[in-house]
> 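Have a look at the structure that comes next, please.
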Amino acid sequence: MHFLKQIITQTSIMAEKVTDSLNHKKLEGKVAIITGGASGIGEATARLFAEHGARAIVIADIQDVLGQNVAESIGSGQCTYMHCDVTNEDQVKALVEFTVKNFGQLDVMFSNAGIANETISQTILDFDLNASDRVFAINTRGVVACVKHAARAMVRGCLKGGTIICTGSVLASFALPNSIDYAMSKKAVIGLVESASTGLGKYEIRVNCGCGPLKVENIANAVLFLASHDSLLITGQNLVVDSGLNAHCLTKAD
């Protein structure tokens, strides 16, 4: 009987710990920027960051009406919308400066804005360099601008534990004969993350990448993990959230 009581007590303690963990606000007091935050993964992440206690969330996008609606639905006291075209480095710089000026710091940058070339097939024999320019401008150059200016703000603010997350693509792991520009642009993001994480490690700034073909909520949870203290020892990684799709495809290929 005594042994049974011990088991019940231990089970209750474990249940309380699990509940505390689930209720723990992982971003309490943090300030975050989310590019491409007006819809999709960015919107889902903004809402999740708000649930987890982020003090300020700045949504950046070119979809002004959608972005303003998302910010208002989260709450003007916690979320702000700012127009920003990531292909324009000056706008990215202004976005970061606005955030630091108004909220005192920048803890999390989620560089999420990205597109695919859906108008034409980009095969190697018919590759249109001009058509690929906007894909690279947003998916690669825009991400570099976000990482650069976020990192500068974190270093200037002597912020320890700053986190930068970039949206990659699980398709970067596959050969895409009809979407070469998209594949190249996303593979470049992985190279950026690996290299930037090495250079920023001495400032205790972590840089990671997250991607996956699942529901936006699943990717948002991965981004939350990478943004929080839970991933303290993780940097320079590409976190693939795909229910084993990549491994399955590689196994079939073998």
Side-chain angles (χ1 to χ4, degrees), residues 18-86 88 91-114 138 142-143 145-147 149-151 153-154 157 159-167 205-206 208 210 212 214-231 239 241:
V18 170
T19 301
D20 289 343
S21 176
L22 292 173
N23 292 334
H24 175 62
K25 294 187 180 297
K26 299 177 183 294
L27 297 180
E28 191 75 56
K30 301 292 186 181
V31 176
I33 290 174
I34 300 174
T35 67
S39 60
I41 294 171
E43 178 187 353
T45 302
R47 296 188 186 283
L48 189 60
F49 278 14
E51 290 175 14
H52 279 269
R55 175 166 61 88
I57 304 161
V58 179
I59 291 175
D61 211 304
I62 59 173
Q63 303 176 95
D64 294 335
V65 174
L66 287 177
Q68 289 165 358
N69 288 341
V70 171
E72 289 173 5
S73 67
I74 291 174
S76 59
Q78 189 178 22
C79 189
T80 303
Y81 173 75
M82 183 172 179
H83 180 94
C84 179
D85 181 348
V86 297
N88 185 322
Q91 290 189 26
V92 174
K93 181 181 179 183
L95 168 68
V96 173
E97 289 176 345
F98 167 86
T99 302
V100 174
K101 179 180 179 180
N102 284 274
F103 304 110
Q105 65 197 62
L106 174 61
D107 300 283
V108 180
M109 164 62 85
F110 180 29
S111 179
N112 170 66
I138 296 175
V143 175
C146 289
V147 174
H149 289 289
M154 291 173 183
L159 179 70
K160 301 294 184 181
T163 60
I164 300 172
I165 305 112
C166 305
T167 296
I205 297 170
R206 297 183 296 108
N208 289 291
L214 305 181
K215 293 181 179 179
V216 294
E217 291 79 9
N218 299 125
I219 310 303
N221 279 319
V223 175
L224 174 65
F225 168 71
L226 292 173
S228 73
H229 192 76
D230 291 345
S231 59
L239 179 58
V241 185

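Side chains are part of it too, since the values below use all heavy atoms of this structure and drop only hydrogens, waters and symmetry mates. Computed from a prediction, not measured in an experiment: that's the story for all the values here.
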> Testing the basics here: between Cys84 and Ala60, what is the closest heavy-atom pair and its distance to 0.1 Å?
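Looking at all heavy atoms of both residues, the shortest contact is CB-CB, 3.8 Å.
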
> Taking atom CG of Leu95 and atom CG of Asp85, what is their separation to the nearest 0.5 Å?
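These two atoms lie 11.5 Å from each other.
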
> Do Ile41 and Phe110 have side-chain heavy atoms sitting under 4.5 Å apart?
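Sidechains of Phe110 and Ile41: in contact.
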
> Looking only at heavy atoms, what is the nearest atom pair of Thr163 and Met154, with distance?
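Heavy-atom minimum between the residues: O-CE, 3.6 Å.
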
> To the nearest 0.5 Å, what is the distance between CG (Leu224) and CD1 (Ile219)?
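Spacing of CG (Leu224) from CD1 (Ile219) equals 13.0 Å.
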
> So, Ser231 side chain and Phe225 main chain: donor-acceptor pair closer than 3.5 Å or not?
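Flag set: sc Ser231 to bb Phe225 pair under 3.5 Å.
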
> Would you indicate whether the side-chain heavy atoms of Gln105 and Arg55 approach each other to under 4.5 Å?
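Arg55 vs Gln105: side chains touch.
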
> Let me confirm one number: the OG1-CZ distance from Thr80 to Phe98, rounded to the nearest 0.5 Å.
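These two atoms lie 5.5 Å from each other.
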
> Closer than 3.5 angstrom, by distance alone: can the side chain of Asp107 be matched with the main-chain N or O of Val31 as a donor-acceptor pair?
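Yes, Asp107 side chain to Val31 backbone: donor-acceptor pair under 3.5 Å.
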
> Return the minimal non-hydrogen interatomic distance between Ala151 and Ile205, and the atom names on each side.
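Result for this residue pair: O-CD1, 4.1 Å.
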
> Please name the pair of heavy atoms, one in Gly37 and one in Val70, separated by the smallest distance, quoted to 0.1 Å.
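Smallest interatomic distance, heavy atoms only, reads O-CG1, 4.3 Å.
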
> Output yes when a side-chain donor or acceptor of Asn221 lies under 3.5 Å from a complementary backbone atom of Glu217, and no otherwise.
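Yes; at least one donor-acceptor contact below 3.5 Å.
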
> For the residue pair Ile59 and Ala38, what are the closest heavy atoms and their distance?
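Scanning both residues, the minimum pair turns out to be CG2-N, 3.9 Å.
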
> Taking the side chain from Asn112 and the backbone from Thr35, do they hold a donor-acceptor pair closer than 3.5 Å?
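Judged by distance alone, yes, a pair lies under 3.5 Å.
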
> May I ask you to check whether over 12 heavy atoms, not counting those of Lys160, lie within 6.0 Å of atom NZ?
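Yes - once you tally the heavy atoms of other residues, nucleotides and ligands closer than 6.0 Å, there are more than 12.
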
> Can you see whether Tyr81 engages Asp64 through a side-chain donor-acceptor pair at a distance of less than 3.5 angstrom?
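Short answer, yes.
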
> Within the supplied structure, the quantity of interest is the number of heavy atoms (other residues, nucleotides, ligands) at a distance under 6.0 Å from His83 NE2; does it exceed 12?
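Enclosed: over 12 neighbouring heavy atoms sit under 6.0 Å from NE2 of His83.
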
> CG/Leu66 to OG/Ser39 distance, rounded to the nearest 0.5 angstrom?
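Leu66 atom CG to Ser39 atom OG measures 6.0 Å (nearest 0.5 Å).
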
> How close do His52 and Lys25 get, counting heavy atoms only, and between which atoms?
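So the two residues come closest at O-CB, 3.4 Å.
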
> Name the residue from Ile57, Val96, Val92 that meets the side-chain contact (heavy atoms from CB on, under 4.5 Å) definition with Ile33.
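Only one option passes, and that is Val96.
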
> For the residue pair Phe49 and Val223, establish whether any side-chain heavy-atom pair is separated by less than 4.5 Å.
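Result yes, sub-4.5 Å side-chain heavy-atom pair found.
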
> Measuring from atom CG of Asn102 to atom CE of Met82, what distance do you get when rounded to the nearest 0.5 angstrom?
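One gets 9.0 Å once the value is rounded to the nearest 0.5 Å.
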
> Using side-chain heavy atoms (C-beta onward) and a distance below 4.5 Å, is Asn208 in contact with Leu239?
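No, side chains not in contact.
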
> Closer than 4.0 angstrom, basic N to acidic O: yes or no for Glu43 and Arg47?
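Judged by the 4.0 Å cut-off on N to carboxylate O distance, Glu43 and Arg47 do form a salt bridge.
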
